[in-house]
Chemist: 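What follows is a single structure, and I will ask about it in a moment.
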Amino acid sequence: MARSDAKVRLDLNNPVFQDNLLTLQKPERHAALDTLHKIRQLTWSQLYRDQGLKWEKITSVKPPQGIDAIYSLRITQARRATAHRDGDFIRLLTIAPDHNVAYGKK
C-alpha cells in the first residue's frame, strides 16, 4: 500500500525516458537531473503539493492497461515529463519536447 509520507523512489529505466533525457542539451539535462535529485528528497505528499513541479493528471490520454493514470510534471523550465505512480516509485515515461505534447496535444 502506497503511503503519502513515504519518500519518492525514482524509476528511470524506461528506454524512451532515458533517450529523451540523454539527448537534451547540456543545460537542460543538468536542470532535469537537478529536478530528479529534488524529487528523491520529497515525500509523495510534498511532491503533490510542490508548486514548481506542478504534478497534474493527464486526462486527454488513456493510460495503458495496468496503469491507473498518467501524470505530467515540470522537469525543466521549458519541459514536462510524463510518469505514473507505482507504490512508492515514480516511473518516468517521457520528456516532452514542448509543454503541449505532454498532454497529448499537437
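Remember, it's a predicted structure, so these values are computed and weren't measured experimentally.
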Chemist: Can you find a pair of side-chain heavy atoms, one from P64 and one from I70, that are under 4.5 Å apart?
Modeler: yes
Chemist: Before giving the answer on side-chain contact (heavy atoms from CB on, under 4.5 Å), spell out for R80 and K54 the whole-Å C-alpha distance, their side-chain angles and the decisive distance to 0.1 Å.
Modeler: CA-CA 9 Å; R80 295 190 66 83; K54 296 196 180 294; 3.8 Å; yes
Chemist: For the atom pair OG1 (T82) and CG (L93), what is the distance rounded to the nearest 0.5 Å?
Modeler: 4.5 Å
Chemist: Using a 4.5 Å cut-off on heavy atoms from C-beta on, say whether the side chain of L53 contacts that of L42.
Modeler: yes
Chemist: Assess whether atom CG of D68 is packed by more than 12 heavy atoms of other residues, nucleotides or ligands within 6.0 Å.
Modeler: no
Chemist: Under 3.5 Å, is there a donor-acceptor pair between the side chain of T35 and the main chain of I75?
Modeler: yes
Chemist: Tell me whether the rings of W55 and W44 are parallel (<30°), tilted (30 to 60°) or perpendicular (>60°).
Modeler: perpendicular
Chemist: Is a side-chain donor or acceptor of R49 paired with a backbone partner of Q51 at a separation under 3.5 angstrom?
Modeler: no
Chemist: Looking only at heavy atoms, which two atoms of L12 and F17 are closest? And how far apart?
Modeler: CD2-CE2, 3.8 Å
Chemist: Indicate the atoms forming the closest heavy-atom contact of Q46 with T43, along with that distance.
Modeler: OE1-N, 2.7 Å
Chemist: D34: which residues meet the side-chain hydrogen bond (donor to acceptor under 3.5 Å, both in side chains) condition with it, sequence neighbours left out?
Modeler: none
Chemist: Per the side chain to side chain donor-acceptor pair (under 3.5 Å) rule, what does the pair list look like for residues 14-27, sequence neighbours excluded?
Modeler: none
Chemist: Evaluate the side-chain contact (heavy atoms from CB on, under 4.5 Å) criterion for residues I67 and D86: first the C-alpha distance (whole Å), next the side-chain angles of each, then the deciding distance (0.1 Å), finally the verdict.
Modeler: CA-CA 8 Å; I67 296 175; D86 184 1; over 6 Å; no
Chemist: For residues A6 and D88, report the shortest heavy-atom separation together with the two atoms involved.
Modeler: CB-OD1, 3.4 Å
Chemist: Could you tell me which non-hydrogen atom of A78 sits nearest to which non-hydrogen atom of E28, and how far apart they are?
Modeler: CB-OE2, 4.0 Å
Chemist: State, to 0.1 Å, how close N13 and D11 come at their nearest heavy-atom pair, and which atoms those are.
Modeler: N-OD1, 2.9 Å
Chemist: Check whether R91 reaches the backbone of H84 with its side chain - one donor and one acceptor, N or O, closer than 3.5 Å.
Modeler: no
Chemist: Taking atom NZ of K7 as the centre, does the number of heavy atoms from other residues, nucleotides or ligands within less than 6.0 Å exceed 12?
Modeler: yes
Chemist: Determine whether L73 and I95 fall in the same hydrophobic cluster, where Ile, Leu, Val, Met, Phe, Trp and Tyr are linked whenever their side-chain heavy atoms lie under 4.5 Å apart.
Modeler: yes
